[in-house]
Amino acid sequence: MGLLQLGTPLAWPEAKQAANQVREWGIEQLLTIWRKAKVKERDALLWGDEIEYLVVAIDDQQKKVRLSLCQADVLKKLANDHDLAKQGTLVPDLQDTILPDLQDNAIRSGSLPTFHPEFGRFMLEATPGKPWGIGFKDLLDVESDMKNRRVIAKQHMDPDQYPITLTTFPRLGTRDDYITPYYPPSGPALRSQFVPDEIANPHIRFPTLAANIRSRRGRKVELNVPVFKDKNTPNPFHDPTVNHDLHIWPEDDDVRNGAAKENCVYMDAMAFGMGSCCLQITFQAKNIREGRTLYDQLSPLGPVLLALTAATPIYKGFLVDTDVRWNQISRAVDDRTPGELGEKPLKDDRWRIPKSRYASNSTYIAQDPRLRPEYMDPNLIVDERLKQKLLDGGMDDLLATHFAHLFIRDPLVIFSEDLKVLDPEGSNHFENIQSTNWQHMRFKPPPPDADIGWRVEFRSMEIQITDFENAAFAIFIVLVTRAILSFDLNFYIPIPLTTENMETAHARDAVMKEKFWFRKDPFPRRSPKASPTLNGVDASKESLGPVEDEYRLMTIDEIINGTSSSSSDEEDYFPGLIPLVESYLDSVNIDVTTRCELARYLDLIRNRANGTLWTGAKWLREFVRSHPEYKHDSEVSEHIVYDMFRAVDDIGKNEGRKGWMISMA
Ligand code: ADP
Ligand code: MG
Ligand code: MG
Ligand code: MG
């Protein structure tokens, strides 16, 4: 989440008027940043993770869990203790926690975790106090640092409040009092039937963001998730929580106009998407070239890691037929007009736009001779005028195309104070557009005022129930980047296939049941000396076969663990990401103890991919389906959710050093 600037936000009609000015100024700021930073070399290889929590209040008397809107209180308490920590006096009662060694760690490394606000007023985000370094030793500190963050967060909450790493609250938006303190739905910003405006962070940025998305769209956002059809689920299913008789806001007509679809759970507000928790990893590259390579090479892995981390089988009190959060967030911030969506003729808008602002990414940006023009997205929409400005400013075609694609969007939150004079050395207008393009990869230029390099963020993963799992996925992705750079691996496939994979990742149990497009041969080829390039893309195609021969559908098990050596069909050989990581570890100097410790984490990934261990989504779905109170009608009752959160808290407490292992048995 970007900086929370204060100011006077423009309502949509005025913001729309100022959109061009913000884009022009944003492009000028980008050019200044790029000119200054493109020559930066030898930045340290750093990385950092972000963990997001739901905060719930568990009521053991009533056997009920509520989302707790306590973000500001917790952050205030944490901030006060950070002051203490700076003077060398750490939270005293940390010493008595279940993990006494953690406090030592925090003191030793001299960096307490940092806590941040998020969209939901029931959310917290925590990052390491300073980014992790390149060393393997740092990888072994990640899990205990994550545990430490959870302990510190918990200690700044009331005794009945808990930081929980589930992606979504299973009963968000039901008719009962699922939030504390309670507020009734239907406020002026969200205009939701189901959630009050108070569900969102009260900072002016958030209600403005939600209101301007709704205004730009011309109706409320619309999320329809197919319900999971169990044996007693009504067929057809009509979401019984939808009210067709509300007449408070004009948007209440949405449902009368058919917004709620048959056989779906219907949701109508940004909070149903942006109230989800995820696991993000940011890498700093040593220079812009390496950053562009990582951006491209990690992109095809996005949907694979989404399916592997699947953890979202319940919405608004119903089991749904999908396992991940992604498309719900995508729809929850989809500000496209009916014209842009292709539902009506284009009148006032410039383009039909195929994807939401929150979607899988649509560009490749590396100046890599292996990047074939056939890989690019044929449906890419670009603001040609702004692209020309970037080209005139000296930027190359690939990067200019990337940013001119992000800049097709309108800025959503504009502060009137910012429109007076342009700060050419600033980044506020650039960040306005950049930070509201929520793609699964983000290419982050250095901030103008800090000694930070070019960074790439990997954004598709779902948050995991335990810190062991979150650490395992973070460590795995870090090691994959090391293998990519060390072996010069090539994962390029055409972008539309990654778009398709992202949809595939939503299917129930995709990790076991679906196949994903993936490149067959990841190893670099000795190519004849690269000929002059057109737009940074190699023009010497003669030596290459048809693009279609380069990829095939693979199971997640094949992608992660490789094809079995017994497989007779050489055509189908794929080495697997884990074996590639193992080869990388073999190629570097690493002591036995560290290697063994790392193996624990890699085992989790390996076993998730081969089905020995379940995804969180599968575990949660089975928890509901085997609960004595479940009526096999898809409904997830308050009591089931209470037992679920108690079980989740117990898993966290008991995971110990072994990690959480749920087997098929
Ligand atoms: P955002 O929410 O905009 O993605 P955050 O500041 O919340 O950004 O988190 C970014 C992550 O990047 C954190 O884990 C942080 O430790 C890490 N980080 C900070 N500086 C660097 C850097 N120079 N290189 C790599 N990672 C960094
Ligand atoms: Mg966040
Ligand atoms: Mg963040
Ligand atoms: Mg982030």
Side-chain angles (χ1 to χ4, degrees), residues 280-281 283 285 290-310 324 326 355 359-366 368-380 398 402 439-443 456-462 473 476-485 487-507 510-511 514-525 537 544 547-563 572-581 605 609:
Q280 295 174 337
I281 314 293
F283 303 94
E290 189 181 86
R292 293 171 71 163
T293 298
L294 280 180
Y295 178 92
D296 282 13
Q297 294 304 325
L298 288 174
S299 171
L301 304 185
V304 174
L305 270 294
L306 176 61
L308 259 184
T309 54
V324 300
W326 189 266
K355 288 180 181 176
S360 58
N361 65 325
S362 298
T363 54
Y364 281 134
I365 59 175
D368 183 335
R370 301 174 304 182
L371 171 53
R372 298 176 66 171
E374 294 95 322
Y375 303 153
M376 303 307 257
D377 189 344
N379 299 317
L380 189 74
L398 273 175
H402 168 75
Q439 302 188 341
H440 83 277
M441 302 296 308
R442 186 178 280 165
F443 188 54
V456 169
E457 186 180 22
F458 188 75
R459 302 164 46 85
S460 65
M461 292 191 286
E462 307 232 309
F473 280 100
F476 174 62
I477 280 295
V478 171
L479 291 175
V480 168
T481 62
R482 298 299 149 231
I484 287 171
L485 296 177
F487 299 146
D488 203 13
L489 298 176
N490 178 2
F491 293 132
Y492 275 127
I493 53 172
I495 284 170
L497 298 183
T498 297
T499 308
E500 188 183 326
N501 284 346
M502 213 63 163
E503 293 303 313
T504 307
H506 284 70
V511 67
E514 302 292 329
K515 289 190 169 184
F516 293 76
W517 296 110
F518 213 77
R519 188 178 180 86
K520 293 194 259 186
D521 180 3
F523 296 111
R525 252 167 228 290
V537 172
L544 301 168
V547 167
E548 297 73 35
D549 290 351
E550 294 180 353
Y551 51 81
R552 70 174 176 92
L553 284 167
M554 295 187 202
T555 63
I556 298 260
D557 190 24
E558 286 176 310
I559 296 170
I560 298 292
N561 294 319
T563 46
D572 282 351
Y573 170 77
F574 182 74
L577 299 178
I578 289 273
L580 285 168
V581 162
I605 311 296

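The shown structure was predicted, so the numbers you read here are calculated from the model rather than taken from an experiment.
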Backbone of Ile365 reached by a side-chain donor or acceptor of Arg292 within 3.5 Å: yes
Give me the atom names and distance for the closest heavy-atom approach of Ile556 to Ala510. CG1-O, 4.4 Å
Decide side chain to side chain contact (heavy atoms under 4.5 Å, CB included) for Asp521 and Tyr573; before the verdict, give the C-alpha distance in whole Å, the side-chain angles of both, and the deciding distance to 0.1 Å. CA-CA 8 Å; Asp521 180 3; Tyr573 170 77; over 6 Å; no
Take the angle between the ring planes of Tyr492 and Tyr375 and call it parallel below 30°, perpendicular above 60°, tilted in between. parallel
To the nearest 0.5 Å, what is the distance between CE on Met461 and CD1 on Ile281? 4.5 Å
Would you please test His402 and Tyr295 for ring-ring contact (aromatic ring centres under 6.0 Å, His included) and show each step? CA-CA 12 Å; His402 168 75; Tyr295 178 92; 5.4 Å; yes
Side chain to side chain donor-acceptor pair (under 3.5 Å) between Thr563 and Asp572, worked out: CA-CA 7 Å; Thr563 46; Asp572 282 351; over 6 Å; no
Between CD1 of Ile495 and CD of Glu500, what distance do you get to the nearest 0.5 Å? 14.0 Å
May I ask you to test the Leu306-Met502 pair for a side-chain heavy-atom distance under 4.5 Å? yes
Determine whether His440 and Trp326 satisfy the following criterion, side chain to side chain contact (heavy atoms under 4.5 Å, CB included), listing intermediate values before the conclusion. CA-CA 9 Å; His440 83 277; Trp326 189 266; 3.4 Å; yes
By salt bridge (Lys or Arg N to Asp or Glu O under 4.0 Å), which residues pair with Asp488, not counting sequence neighbours? Arg370
Quick one: do Met376 and Leu371 satisfy side chain to side chain contact (heavy atoms under 4.5 Å, CB included)? Show the steps, please. CA-CA 9 Å; Met376 303 307 257; Leu371 171 53; 4.0 Å; yes
Taking all non-hydrogen atoms of both residues, which atom of Ala307 and which atom of Phe516 are closest, and how far apart? CB-CZ, 3.8 Å
Heavy-atom pair of closest approach, residues Thr504 and Lys515: CG2-O, 3.6 Å
Checking ring-ring contact (aromatic ring centres under 6.0 Å, His included) for the pair Phe518/Phe491: CA distance, chi angles, key distance, verdict? CA-CA 7 Å; Phe518 213 77; Phe491 293 132; 5.6 Å; yes
Below 4.5 Å, heavy atoms only, C-beta onward: do Pro522 and Asn490 meet side chain to side chain? no
salt_bridge(Lys520, Glu558) N-O dist < 4.0 Å: no
For a 4.5 angstrom cut-off between non-hydrogen side-chain atoms, does Ile605 reach Val581? no
To check you understand the geometry: which heavy-atom pair defines the closest contact between Asp377 and Ser362, and what is its length? CB-O, 3.6 Å
Determine whether the aromatic ring centres of Phe487 and Phe523 lie less than 6.0 Å apart. no
Shortest non-hydrogen contact from Leu305 toward Thr309: O-OG1, 2.7 Å
What residues, two or more places apart in sequence or in another chain, satisfy side chain to side chain donor-acceptor pair (under 3.5 Å) together with Asn561? Asp557
Do the non-hydrogen side-chain atoms of Lys355 and Ser360 ever get within less than 4.5 Å of each other? yes
I'd like to check Val304 versus Ile560 (side-chain heavy atoms, cut-off strictly below 4.5 Å). Are they in contact? yes
Measure the spacing between CG of Leu580 and CD1 of Ile484 and express it to the nearest 0.5 Å. 9.5 Å
So does Glu550 pair up with Arg372, basic N to acidic O under 4.0 Å? yes
Which distance, rounded to the nearest 0.5 Å, do you find between the CD of Glu514 and the CG of Asn501? 10.5 Å
Is there side-chain contact between Phe458 and Leu294, with heavy atoms separated by less than 4.5 Å? no
Is any side-chain heavy atom of Tyr364 less than 4.5 Å from a side-chain heavy atom of Leu398? no
Heavy atoms, side chains only, cut-off 4.5 Å: are Trp517 and Pro303 in contact? no
Candidate pair Glu290 and Leu485, rule side chain to side chain contact (heavy atoms under 4.5 Å, CB included), full reasoning: CA-CA 8 Å; Glu290 189 181 86; Leu485 296 177; 3.6 Å; yes
Taking all heavy atoms of Pro300 and all of Thr498, pick out the closest pair and write down the distance. CA-OG1, 3.9 Å
Spatial distance of atom CZ (Phe443) from atom OG1 (Thr363) [nearest 0.5 Å]: 10.0 Å
When rounded to the nearest 0.5 angstrom, what distance separates CD in Gln439 from OG in Ser299? 9.5 Å
